[in-house]
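Taking it in order: structure first as structure tokens, then the write-up.
Per chain, numbering begins at 1; letters A, B, ... match sequence-line order.
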2 protein chains.
Amino acid sequence: MSPRKFFHPDVSELTLHRILFALSDPTRLAVVSDLMKDGERASGDLLAESVPRSTMTHHLKILREAGVTRTRPEGMRCLISLRREDVDARFPGLLDAIMAHGGAEA
Amino acid sequence: MSPRKFFHPDVSELTLHRILFALSDPTRLAVVSDLMKDGERASGDLLAESVPRSTMTHHLKILREAGVTRTRPEGMRCLISLRREDVDARFPGLLDAIMAHGGAEA
DNA sequence: TACGATGTACGACGAAAATCGTACATAAAC
DNA sequence: GTTTATGTACGATTTTCGTCGTACATCGTA
């Protein structure tokens with residue numbers, strides 16, 4: 001009964017083009033926007049985007065492996081949060097600039 | 001002998017995910033980095049990236065159609081420049097944040 | 001243990017992207 | 001007009017991505 005574990009890249013492994021790619025999809029951009037407003041959220045609650053479960057898993061994996069988000073198992077759910085400090089440390093101002101508009105557009 | 005013309009999207013048509021996608025490729029990121037340092041440059045001079053001509057044309061087209069760059073024919077050459085004011089107008093601080101690191105990494 | 005809830009893994013499919021060679025177009029110089 | 005330099009257009013191929021159904025794993029609870 002190993003608690004589910006997720007791969008998270010080290011801060012030193014974050015690359016700009018990977019992060020930009022992770023954010024170049026409307027659905028993923030909406031997710032990050034939600035996380036920026038509400039902090040940590042359960043992945044199930046993110047499904048408001050009217051996207052099938054497996055599709056959302058796919059997008060969350062891309063965000064996580066790019067180092068943008070962190071996934072933390074909590075009971076049967078998964079809590080997703082932004083790796084704000086880490087991204088800011090490598091690319092200061094990037095998230096702020098990207099999310100300044102509110103994430104409304106896609 | 002119509003002077004070659006290139007499609008450039010209007011400022012109001014710029015979308016965040018398109019711009020981020022355009023910048024999510026190492027080669028294109030390097031091009032933008034060059035433009036940021038040296039201002040306007042001939043497309044031929046950008047081929048220092050050791051990329052075939054037709055491939056570079058492809059990348060420049062994506063940057064241009066995303067609204068990141070402007071292409072201006074000058075004699076037989078093409079001068080490429082950043083649409084800095086336009087991108088800044090829609091997404092303030094975005095280019096600065098992306099290029100703060102110098103574009104060294106890919 | 002069995003059940004229901006949540007989420008992942010895997011696979012398949014179609015759409016889009018990256019690469020690059022070749023042919024064509026444009027512009028300047030001869 | 002011909003030649004040369006520069007760059008685009010098109011097509012072919014390979015790779016990657018986005019989507020989503022289905023099967024499996026995990027967790028809490030009865």
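- Screening residues 66-80 of chain A for salt bridge (charged side-chain N to carboxylate O under 4.0 Å, His left out), with sequence neighbours left out, gives A:Glu40-A:Arg72, A:Asp45-A:Arg77, A:Arg72-A:Glu74.
- You'll find that the side chain of B:Pro52 is closest to C:dG21, out of D:dT22, C:dG21, D:dA5.
- For B:Thr57 against D:dG7, a side-chain-to-base donor-acceptor contact under 3.5 Å is absent.
- Judged by closest nucleotide on DNA chain C, B:Asp25 is the one of B:Asp25 and B:Gly75 placed further toward the 5' end.
- One interatomic measurement links the two molecules: NE2 of B:His58 to P of D:dT13, which rounds to 18 Å at whole-angstrom precision.
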>> Pair A:Leu46, A:Arg41 - check side-chain contact (heavy atoms from CB on, under 4.5 Å), show working.
In response: CA-CA 7 Å; A:Leu46 294 168; A:Arg41 294 198 56 182; 4.3 Å; yes
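- Considering only side-chain atoms of B:Ile62, the nucleotide from D:dT8, D:dG21, C:dA18 that sits closest is C:dA18.
- Contact of the A:Leu35 side chain with the A:Ser81 side chain is not registered, since no non-hydrogen atoms from C-beta on lie closer than 4.5 Å.
- Between C:dT6 and A:Arg77, no contact under 4.0 Å exists linking OP1 or OP2 to a side-chain N or O.
- Rounded to whole angstrom, the span from the CZ atom of A:Phe6 across to the P atom of C:dA9 amounts to 7 Å.
- Axis angle across the helix from C:dT1-D:dA30 to C:dC30-D:dG1, with five pairs used at each end and values rounded to 10°: 20°.
- When the C1' atom of D:dA23 is taken as reference, atom CZ of A:Arg53 falls 14 Å away, rounded to whole Å.
- Residue A:His59 is classed as a sugar-phosphate contact, given heavy-atom separations below 4.0 Å to backbone atoms only.
- Rounding to whole angstrom units, CG of residue B:Leu60 and C1' of D:dT6 are separated by 13 Å.
- Looking at every heavy atom in both residues, B:Pro92 comes nearest to A:Ala97 through O-CB, 3.9 Å.
- The side chain of B:Arg28 contributes an N or O atom lying less than 4.0 Å from OP1 or OP2 of C:dA18.
- Considering CZ of A:Arg64 and CZ of A:Phe6, their distance stands at 6.0 Å, rounded to 0.5 Å.
- Heavy-atom minimum distance, B:Val68 versus B:Val87: CA-CG2, 4.3 Å.
- Each of A:Ser50 and B:Met56 has a nearest nucleotide on DNA chain D; the 5'-most of these lies closest to B:Met56.
- Remark: B:Thr69 OG1 to B:Leu82 CG distance equals 7.5 Å, nearest 0.5 Å.
- In this structure, B:Glu74 atom CD and C:dT26 atom P are separated by 18 Å, rounded to whole Å.
- Among the atoms of the strands shown, only primed sugar atoms or phosphate atoms (P, OP1, OP2) are found under 4.0 Å from some heavy atom of A:Ser43.
- The NZ-P distance, from A:Lys61 to D:dG18, rounds to 13 Å in whole Å.
- Side-chain contact between A:Lys61 and A:Thr71: absent, with no pair of heavy atoms (C-beta onward) separated by less than 4.5 Å.
- In the set C:dG7, D:dT8, C:dA18, C:dA18 carries the atom at the smallest distance from any side-chain atom of B:Phe21.
- Comparing D:dT6, C:dC20, D:dG21 by their nearest atom to the side chain of B:Ser54 picks out C:dC20.
- Atom pair B:Leu79:CG and C:dA27:C1' shows a separation of 14 Å (rounding to whole Å applied).
- Donor-acceptor pairing under 3.5 Å, judged by distance alone, is absent between the side chain of A:Thr55 and the base of D:dG18.
- Atom CG in B:Asp45 sits about 9 Å away from atom P in D:dT6, given to the nearest Å.
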